[in-house]
Amino acid sequence: QLQLVESGGGLVQPGGSLRLSCAASGDRFGDYAMGWFRQAPGKEREGISCIGRIGTRTSYGDSAKGRFTISRDNDKNTVYLQMNSLKPGDTAVYYCAADDRFISLQTMCGRSSDIPYWGKGTLVTVSS
């Protein structure tokens, strides 16, 4: 069973940067497309960004375009989310997810309820 553990969350000032990491174990990391999602209290889960199995294809939600960058290092079994120009509206629990189905990244990010593997999340708070 694939296990995912997020790290890197915390408190950051508006305009600052933060890099989240998601370490995978228990299965072949290269068999999974990966994604980052977030959920704030009272809001639906939002797809931030997804990346293909070898890291060449990426997909970004509107809130992430131009500010966030997803990447992966298959040698380290880790996916990253670099977040720049952070705003208070970015405050949420950020979740890492993995999907071994043969689907598009758009489908993965748009239908998160069908993604089989999830981490427990890491809290990001953007405040002065």
Side-chain angles (χ1 to χ4, degrees):
Q1 180 86 358
L2 185 70
Q3 296 183 21
L4 304 172
V5 180
E6 302 96 336
S7 62
L11 176 64
V12 64
Q13 293 183 331
S17 298
L18 206 62
R19 189 175 80 157
L20 306 182
S21 299
C22 174
S25 62
D27 206 350
R28 293 160 60 179
F29 182 64
D31 288 344
Y32 296 84
M34 303 296 297
W36 286 99
F37 301 79
R38 72 185 185 189
Q39 188 166 27
K43 297 183 179 180
E44 295 182 347
R45 185 167 56 201
E46 177 186 9
I48 301 301
S49 183
C50 293
I51 188 168
R53 299 172 189 179
I54 62 175
T56 56
R57 294 190 297 174
T58 58
S59 178
Y60 291 93
D62 290 339
S63 63
K65 293 179 180 177
R67 299 190 300 130
F68 296 178
T69 302
I70 191 171
S71 62
R72 68 188 295 164
D73 187 338
N74 285 2
D75 291 332
K76 297 182 178 180
N77 292 349
T78 302
V79 63
Y80 306 93
L81 183 67
Q82 178 67 46
M83 303 186 294
N84 300 325
S85 302
L86 285 164
K87 302 178 292 185
D90 295 319
T91 297
V93 177
Y94 284 71
Y95 297 92
C96 174
D99 201 327
D100 58 351
R101 298 173 297 165
F102 296 97
I103 58 174
S104 68
L105 296 182
Q106 291 78 12
T107 297
M108 179 181 177
C109 281
R111 300 179 184 177
S112 61
S113 61
D114 294 328
I115 297 175
Y117 302 106
W118 292 86
K120 295 182 178 180
T122 184
L123 177 63
V124 172
T125 302
V126 184
S127 176
S128 60

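Computed from heavy atoms alone, side chains included, the values below leave out hydrogens, waters and symmetry copies.
One finds the OG1 atom of Thr58 at 14.5 Å from the CE atom of Met34 (value rounded to the nearest 0.5 Å). The OG atom of Ser71 lies 7.0 Å from the CZ atom of Arg19; values are rounded to the nearest 0.5 Å. Once rounded to the nearest 0.5 Å, the distance linking CD1 of Ile51 with CH2 of Trp36 reads 11.5 Å. Rounding to the nearest 0.5 angstrom, the gap separating the NZ atom in Lys120 from the CD atom in Gln3 is 9.0 Å. Atom CD1 of Ile103 is separated from atom CE of Met108 by 6.5 Å, given to the nearest 0.5 angstrom.
A heavy-atom distance below 4.5 Å is found between the side chains of Arg45 and Ser113. The shortest side-chain heavy-atom distance between Glu6 and Leu20 does not fall under the 4.5 Å cut-off.
The backbone N or O of Ser59 sits less than 3.5 Å from a side-chain atom of Ser49, completing a donor-acceptor pair. One N or O on the side chain of Tyr60 and one on the backbone of Ile70 form a donor-acceptor pair closer than 3.5 Å.
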| task | Would you sort out whether Tyr117 and Asp27 count as a side chain to side chain donor-acceptor pair (under 3.5 Å), showing the intermediate values? | result | CA-CA 11 Å; Tyr117 302 106; Asp27 206 350; 5.3 Å; no

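Sorted by first then second residue, the side-chain hydrogen bond (donor to acceptor under 3.5 Å, both in side chains) pairs that include residues 83-101, not counting sequence neighbours, are Ser17-Asn84, Arg38-Asp90, Arg38-Tyr94, Arg67-Asp90, Gln82-Asn84, Asp99-Arg101. Residue pairs satisfying the disulfide (SG to SG under 2.5 Å) criterion with at least one member in residues 30-107, sequence neighbours excluded, are listed as follows: Cys22-Cys96, Cys50-Cys109.
Using a 4.0 Å cut-off between a side-chain N of Lys or Arg and a carboxylate O of Asp or Glu, Arg111 and Asp114 do not qualify as a salt bridge.
In plain terms, the two heavy atoms of Ser63 and Ile48 that are nearest each other are OG-CD1, 4.0 Å. Between Asp73 and Phe29, the shortest heavy-atom contact is O-CE2, 4.1 Å.
Partners of Phe68 according to the ring pair (Phe, Tyr, Trp, His ring centres under 6.0 Å) rule, which considers only residues two or more places apart in sequence or in another chain, do not exist here.
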